[in-house]
Structures are given as C-alpha cells and as structure tokens.
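Here the structure comes first, spelled out in structure tokens, and everything after it is commentary.
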Protein chains: 2
Amino acid sequence: MTVTTATRPMRADARRNRESILAAARELFAESRPDVQIDDVARVAGVGVGTVYRHFPDKQALMGELVRERFVLFNERMRTAVEEGEGEPFEALAQALRDNAASVAGDAATRFAMMSGGERVFEYVGEEKEEFLRLARRLVLRARRSGELNPRFQATDIPMVMCGVCATIDKGGWDWRRHLDLVIEGMRAEPPAPPAG
Amino acid sequence: MTVTTATRPMRADARRNRESILAAARELFAESRPDVQIDDVARVAGVGVGTVYRHFPDKQALMGELVRERFVLFNERMRTAVEEGEGEPFEALAQALRDNAASVAGDAATRFAMMSGGERVFEYVGEEKEEFLRLARRLVLRARRSGELNPRFQATDIPMVMCGVCATIDKGGWDWRRHLDLVIEGMRAEPPAPPAG
DNA sequence: ACCTGAACACCGTTCAAGT
DNA sequence: ACCTGAACACCGTTCAAGT
C-alpha cells in the first residue's frame with residue numbers, strides 16, 4: 001500500500017499548454033537580463049495569464065520546475081559516473097562535476113531560476129535533490145576508498161561547491177572552469193608524506 | 001591638476017538623514033527575509049520616501065552603498081595582510097580570505113545586497129573594487145614567489161572564490177568555513193615531485 | 001538646498017465568466 | 001476540467017508643493 005500523489009492524466013490541451021508555458025519560460029528567462037514577467041510568459045506561450053497560474057501556483061513554482069528538470073539531467077550524469085567510473089573513482093567524480101557545471105553554464109534560464117529564485121524554488125525539487133545526494137554519496141565513498149579523495153570531503157559538499165561555482169558563472173568575466181578546477185584540486189587527498197629522510 | 005568629483009559638504013540635516021537611511025537599510029535588509037521595501041526604510045529612518053530617493057537614485061544604489069562600505073573593510077584587511085604577512089605569504093593571503101569571508105558572514109545585509117542586488121550594485125563600488133584588486137595582486141605575487149601558491153592562481157580569482165563562498169553562506173545548511181578551506185587547499189602549490197626512484 | 005507624501009506605473013496574482 | 005483577461009494589490013519611483 002504505497003502512498004503516491006494521485007496524478008490523473010491531464011487533458012491533452014492542458015498538457016500542451018503546460019509544455020508551451022515551460023518552453024516560453026525557458027526562452028524568456030534565458031534571454032532577458034532584468035527580469036521576466038508572467039504576462040510575457042503567457043503571451044509567448046499563447047495562453048492567458050490565468051492558465052499559467054493554473055499550472056504553477058506562483059512564479060517560484062514555475063522557476064522550480066525549470067530547476068527540477070535540470071536536476072533530472074544532473075542525476076542521469078551522476079548515475080553514469082557511478083556505473084562507469086569504477087576504474088578511476090576520483091576522476092569519475094571530478095568529471096561528473098565538470099559535466100554538470102557545463103550543463104548549467106549552457107542553461108541561462110535554470111541558472112537564473114536557481115540564483116534569483118530564492119529558497120522556495122528548491123521546495124519543488126525535493127525528490128530529485130535527495131536522489132542527487134544518494135548518488136553523490138556513492139561517488140564520494142568510492143573515491144574516498146581509493147585514497148584519491150581528501151577524506152574530509154563529504155557528499156553534501158558537492159551541491160555546496162556546485163552552488164559556489166554556479167554563482168560565478170555570469171559575473172565579473174570570470175572563468176568558471178578555472179574556478180571548478182581549483183575546487184577539484186582542493187578535493188584531492190594530500191599525497192602521502194614522503195618517506196622519512 | 002587632478003579630476004575629483006566635486007562633492008561640496010552636505011547640509012548637516014541631509015548628512016544625518018543619509019546616515020539614518022543607511023542604518024535603517026542595514027537593519028531591515030539584515031532581518032527581513034523576503035524583501036525590503038523603500039517605504040519601510042524611509043519609515044524606520046524617520047524620513048519621507050522622497051528623501052531616500054534624493055540620496056540614492058534607486059534601490060540598487062542604496063544596496064550598492066552597503067556593499068561599498070563593506071569593501072572598504074575588505075581593503076583594510078587586505079592592507080594589513082600586505083603589511084604584516086611578509087614572513088608567511090601564503091598564510092597571510094589565506095587568513096585575509098578567511099577574515100573577509102567571516103566579515104560578510106556576519107553581515108546579512110551586505111550579503112543580501114551583493115547576492116540579490118544584481119550587477120548594477122557593483123557600479124557603485126568601482127573604486128574600492130580596483131583597490132581590492134591592487135592589494136590582491138600584491139598578495140598573490142608575493143605568495144607565488146614563495147612557492148607555496150599554485151602558480152596558476154591569479155589575483156582575479158580572489159573575488160571569484162569569495163563570491164562563490166559567499167553564495168553558499170546562508171543556503172542548504174552548508175558550512176562556509178569548510179567551503180573556503182577546500183578552496184584554500186586548491187590554491188596551494190602542488191608539492192615538488194618526490195625525488196626520482 | 002532639502003524634505004514630504006500623495007499619485008503613478010509596473011507587475012504578480014486572483015476570480016468571475018466563459019467553453 | 002480547463003481557459004480567459006479584466007481587476008486588484010503591492011511596491012518602486014516621481015514630482016508638485018512645502019520649509
């Protein structure tokens with residue numbers, strides 16, 4: 001007897017509208033710098049404002065869905081790292097971070113949603129965030145056992161550093177790859193002390 | 001013949017008002033989570049809204065001044081590191097970063113202004129930002145010469161990593177000290193290759 | 001020279017009426 | 001069951017009138 005949120009299938013037009021709204025949001029959030037208005041999202045999606053609010057209780061929920069979908073991609077990448085990184089556990093972890101960072105770097109809409117959407121945005125990503133952490137724990141544990149990962153590094157540090165790198169992606173002309181590489185260097189275990197003498 | 005922005009002294013009541021407004025802004029930005037209204041700033045400062053706008057062209061300018069004042073403190077700390085860190089250049093740099101991060105960590109108002117104020121906020125901090133970079137360059141150069149700093153680390157990486165750490169200060173229950181320590185480990189030069197054999 | 005606050009503009013959100 | 005868009009509420013900003 002499992003408890004599932006009973007989501008009966010949507011009417012076809014409603015489903016289409018929902019997709020149009022998300023597509024419009026992605027387009028507008030990605031392009032416009034100052035801020036995006038729900039009226040514009042509705043217009044570009046070809047629906048009334050009320051329809052946007054029928055699908056998403058408020059603006060943050062709409063942003064939250066963009067973030068949630070990005071997390072689904074993060075998790076796919078993390079799963080690949082778990083499955084295929086057996087041989088080089090540290091490098092598998094590092095490369096998953098690089099790929100996920102590149103993934104946000106290429107998605108201005110989600111970045112905007114994550115950064116300026118406030119905490120509430122992540123309320124809509126609960127399940128995916130948990131799955132992310134489960135996968136992170138597996139990657140971290142394995143890399144730690146291989147001795148290449150700094151033993152003080154924790155799985156929860158992964159979203160932390162991702163957030164840090166992400167925050168610097170479109171500011172100050174900085175180079176996020178350089179930032180991430182720096183962090184990855186910090187994640188490496190210190191090499192064993194040289195043989196005495 | 002130097003060009004200075006001719007700022008004639010303000011009338012005493014105007015100066016007092018300006019200070020009240022900044023104090024009110026600091027108080028409100030630090031406390032209220034969702035967002036702060038200019039009307040509230042004016043009320044707490046005991047002035048009319050128009051007075052706020054007479055002193056600060058818009059909300060971002062007000063936030064910008066909070067950030068600017070924090071940068072003045074950053075720079076004081078950086079100068080101390082330059083002057084007193086001769087003996088241990090890497091540690092001097094690292095400790096300046098730790099102290100400045102602690103400084104923002106204890107100032108929710110500025111943090112809020114930096115994070116949610118958008119790029120425009122930093123337009124009001126130009127001079128202090130340049131001075132910060134000058135000091136950063138001196139610290140980095142010296143630490144690099146000592147051989148303790150990763151030679152690929154640049155002065156402009158300092159605001160970048162500060163921004164990254166800062167972005168994670170009041171989210172997700174993360175530990176910013178841990179985050180910064182990780183980055184500092186990444187900044188360290190790799191130890192010389194062990195003697196062949 | 002500076003202050004005030006009512007009025008305006010803008011944009012997130014609601015809801016009565018429609019299919 | 002879902003859609004529409006005019007109306008409302010909220011808040012940043014302006015400006016005519018005041019000292």
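Treat the numbers as computed from the prediction; the structure is a model and nothing was measured.
- Comparing B:Val49 and A:Arg11 along DNA chain C, the residue whose closest nucleotide (by nearest heavy atom) sits nearer the 5' end is B:Val49.
- Classification of B:Arg18 and B:Glu65 as a salt-bridged pair holds, one side-chain N sitting under 4.0 Å from a carboxylate O.
- The distance from atom CZ of A:Arg18 to atom C1' of D:dA1 is 16 Å, rounded to the nearest whole Å.
- The CG atom of B:Asp40 sits 12 Å away from the C1' atom of D:dG12 (whole-angstrom rounding).
- The phosphate of D:dC3 has OP1 or OP2 within less than 4.0 Å of a side-chain N or O from A:His55.
- Nucleotide D:dT4 holds its C1' atom 13 Å from the CG atom of A:Asp13, rounded to whole Å.
- Between A:Arg54 and D:dC2 there is a side-chain polar atom (N or O) within less than 4.0 angstrom of OP1 or OP2.
- If you take CG on A:Leu182 and NE2 on A:His179, they are separated by 6.5 Å, rounding to the nearest 0.5 Å.
- Nearest nucleotide to the side chain of A:Asn17, out of D:dC3, D:dT13, C:dC3: D:dC3.
- In this structure, the CG atom of A:Asp35 is 13 Å from the C1' atom of D:dG12, given to the nearest Å.
- The CG atom of A:Leu28 sits 13 Å away from the P atom of C:dC11 (whole-angstrom rounding).
- Salt bridge absent: A:Arg188 and B:Glu190 never bring a charged side-chain N and a carboxylate O closer than 4.0 Å.
- Ion pairing between a basic and an acidic side chain is recognised when a charged N comes within 4.0 Å of a carboxylate O; A:Arg16 and A:Glu19 show no such pairing.
- Comparing B:Gln37 and A:Gly50 by the nucleotide of DNA chain D that holds the closest heavy atom to each, the one mapping nearer the 5' end is A:Gly50.
- Using the Watson-Crick or G-U wobble rule with both distances under 3.5 Å, C:dC2 pairs with D:dG18.
- One can place CG of A:Asp39 at 11 Å from P of D:dG5, the figure rounded to the nearest angstrom.
- Between C:dT4, D:dC3, C:dG12, one nucleotide has an atom nearer to the side chain of A:Ala14 than all others, and that is D:dC3.
- D:dC11 is unpaired under the Watson-Crick or G-U wobble criterion, no partner having all donor-acceptor distances under 3.5 Å.
- Within the 4.5 Å cutoff, no side-chain heavy atoms of A:Arg68 are placed close to those of A:Tyr124.
- Under 4.0 angstrom from either OP1 or OP2 of D:dT13 there lies at least one side-chain N or O belonging to B:Tyr53.
- Looking at heavy-atom distances under 4.0 Å, B:Asp58 makes contact with sugar-phosphate atoms alone, never a base.
- The distance from atom CD1 of A:Ile38 to atom P of D:dA9 is 20 Å, rounded to the nearest whole Å.
- Residue-level contact check: A:Val36 touches the backbone only, with heavy atoms under 4.0 Å from sugar-phosphate atoms and none from bases.
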